[in-house]
Chemist: 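Please see the structure below; I have some questions.
Source: prediction; values computed, not measured. Quick note on labels: first sequence line is chain A, next is B, and so on, each numbered from 1.
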Number of protein chains: 2
Amino acid sequence: MDNESQFAGIVDEWERHLNQSGYRLTQPRRAILRVIATSTRPLTPVEIYDQVRALSPSIGLVTVYRTIDRLAEMSLIERVHQSDNCQTIFRGTQEHRHLLVCGQCGESVYFDGLEIEHQFSEIGHAHGYQVTHHWLQLEGLCQSCQAKHNKIS
Amino acid sequence: MDNESQFAGIVDEWERHLNQSGYRLTQPRRAILRVIATSTRPLTPVEIYDQVRALSPSIGLVTVYRTIDRLAEMSLIERVHQSDNCQTIFRGTQEHRHLLVCGQCGESVYFDGLEIEHQFSEIGHAHGYQVTHHWLQLEGLCQSCQAKHNKIS
DNA sequence: GTGCTTGCAAATTCTTTGCAACTTT
DNA sequence: AAAGTTGCAAAGAATTTGCAAGCAC
């Protein structure tokens, strides 16, 4: 299964969302959705712009920013903070899950099954805080970057 | 114990660090250290600048940026990412600990005692990743913001 | 046709760099 | 005195806004 088929459903779903919220499905917007939805790693606005230009050359960076805002409003994407870059975009998930990001190439996957989350409110309570949410991200080397790394050293 | 006395040790320690690394202890630098070290919440560069100007009016924002870079090099501070702001600065800790941040006023404390961290490499492994580090932050309402909130509603 | 969208240019905001004058050691 | 530092002004990045032309519905 390639990305195209794997993520086709996401694009459809996003288009439905936009539609239901009264937004229009324009050509530039479709192209942007497709790039973001099918990416296996978080992208910066400029990276999205560059990739979209390959599909739709006359697009403007501003449209990328504006489309990102729309998607963020609807919680369809996540803004991922990486050590060197604060504003990268990755498709979201419906359920509450966390990201495992390759520090080298950015390749990312969601994981779940953490047993700890219920501890968080206790921890907060111990300090007088009422915990509302949390942010957890793992960083490491993905399989193919490990392989490259071993080859070099 | 007020902040001044509580955090005096941190300022001293930071000054020693700078010294040992061959950096000079100038008046502007001291003022910046003091503001960052005694703050109970993460501050933006401009917030630091504003607070430092109260102590040392002729300071330039550039010096704040440069001092932040020095402190970051030595891992004496942490760059905290908040939902609305990507670049806020907070004093670091020697041990590996995590932050609990008030979403309203920013008041922050470190906590530890998490049992989960050893799970992270397993989770990574299950996805073919070799986990190198993680990023965890809790957000909530601190005691005094809870009180304010209750008063209003 | 109406009203949301787009791309461009310009405006903002945030951060970094070049440099002569100035402290710290 | 030597070398690191500072503040200013200017340069660079990153993001947002105003607006007339264009497209979706």
Chemist: Could you state the atom-to-atom distance from CG of A:Leu33 to P of C:dT5 in whole Å?
Modeler: 12 Å

Chemist: Quick one: on DNA chain D, does B:Tyr49 or B:Arg29 contact a more 5' nucleotide (nearest heavy atom)?
Modeler: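 Its nearest nucleotide being more 5', the pick is B:Arg29.
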
Chemist: Could you tell me how far apart A:Leu18 (CG) and D:dC25 (C1') are, to the nearest whole angstrom?
Modeler: 15 Å

Chemist: Could you tell me the separation between the CD1 atom of B:Ile68 and the P atom of D:dT5, rounded to a whole number of Å?
Modeler: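 Computing the B:Ile68:CD1 to D:dT5:P distance gives 16 Å.
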
Chemist: Would you mind reading off the distance between A:Glu73 atom CD and C:dT5 atom P, rounded to a whole angstrom?
Modeler: 10 Å

Chemist: Quick one: does any side-chain atom of B:Ser108 pair with a main-chain N or O of B:Gly106 as donor and acceptor, under 3.5 Å?
Modeler: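 Between the backbone of B:Gly106 and the side chain of B:Ser108 there is a qualifying donor-acceptor contact (under 3.5 Å).
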
Chemist: Over how many whole Å does the gap from B:Ile48 atom CD1 to C:dT15 atom C1' extend?
Modeler: 14 Å

Chemist: Whole angstrom is fine here: how far is it from CZ in B:Arg30 over to C1' in C:dT25?
Modeler: 12 Å

Chemist: For A:Tyr23, check ring pair (Phe, Tyr, Trp, His ring centres under 6.0 Å) against everything at least two apart and list the hits.
Modeler: none

Chemist: Ignoring the backbone of B:Pro28, work out which of D:dG7, D:dT5, C:dT5 is nearest its side chain.
Modeler: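 My answer, after comparing the listed nucleotides, is D:dG7.
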
Chemist: What pairs with B:His127 under ring pair (Phe, Tyr, Trp, His ring centres under 6.0 Å), at least two apart in sequence or on another chain?
Modeler: none

Chemist: Please report the distance, rounded to the nearest Å, between CD1 in A:Ile32 and C1' in C:dT5.
Modeler: 11 Å

Chemist: Toward the 5' end of DNA chain C, which comes first, B:Tyr23 or A:Gly60, by nearest nucleotide?
Modeler: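 Looking at DNA chain C, the more 5' nearest nucleotide goes with A:Gly60.
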
Chemist: Under the side-chain hydrogen bond (donor to acceptor under 3.5 Å, both in side chains) test, which residues partner B:Gln130, sequence neighbours left out?
Modeler: none

Chemist: Atom CG of A:Asn19 to atom C1' of D:dC25: distance rounded to whole Å?
Modeler: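 So the CG-C1' distance, A:Asn19 to D:dC25, works out to 10 Å.
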
Chemist: Tell me every residue that passes ring pair (Phe, Tyr, Trp, His ring centres under 6.0 Å) with A:His125, counting only those two or more places apart in sequence or in another chain.
Modeler: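 For A:His125, no residue satisfies ring pair (Phe, Tyr, Trp, His ring centres under 6.0 Å) once neighbours in sequence are set aside.
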
Chemist: Under the side-chain hydrogen bond (donor to acceptor under 3.5 Å, both in side chains) test, which residues partner A:Arg91, sequence neighbours left out?
Modeler: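 So A:Arg91 forms no side-chain hydrogen bond (donor to acceptor under 3.5 Å, both in side chains) with any residue.
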
Chemist: Restricting both atoms to N or O, compile the protein contacts to nucleotides 16-24 of chain D shorter than 3.5 Å, with distance only.
Modeler:
{"from": "D:dA24", "atom 1": "N3", "to": "A:Arg24", "atom 2": "NH1", "distance (Å)": "3.2"}

Chemist: Considering only heavy atoms from C-beta outward, does the side chain of A:Ile48 approach that of A:Ile68 to under 4.5 Å?
Modeler: yes

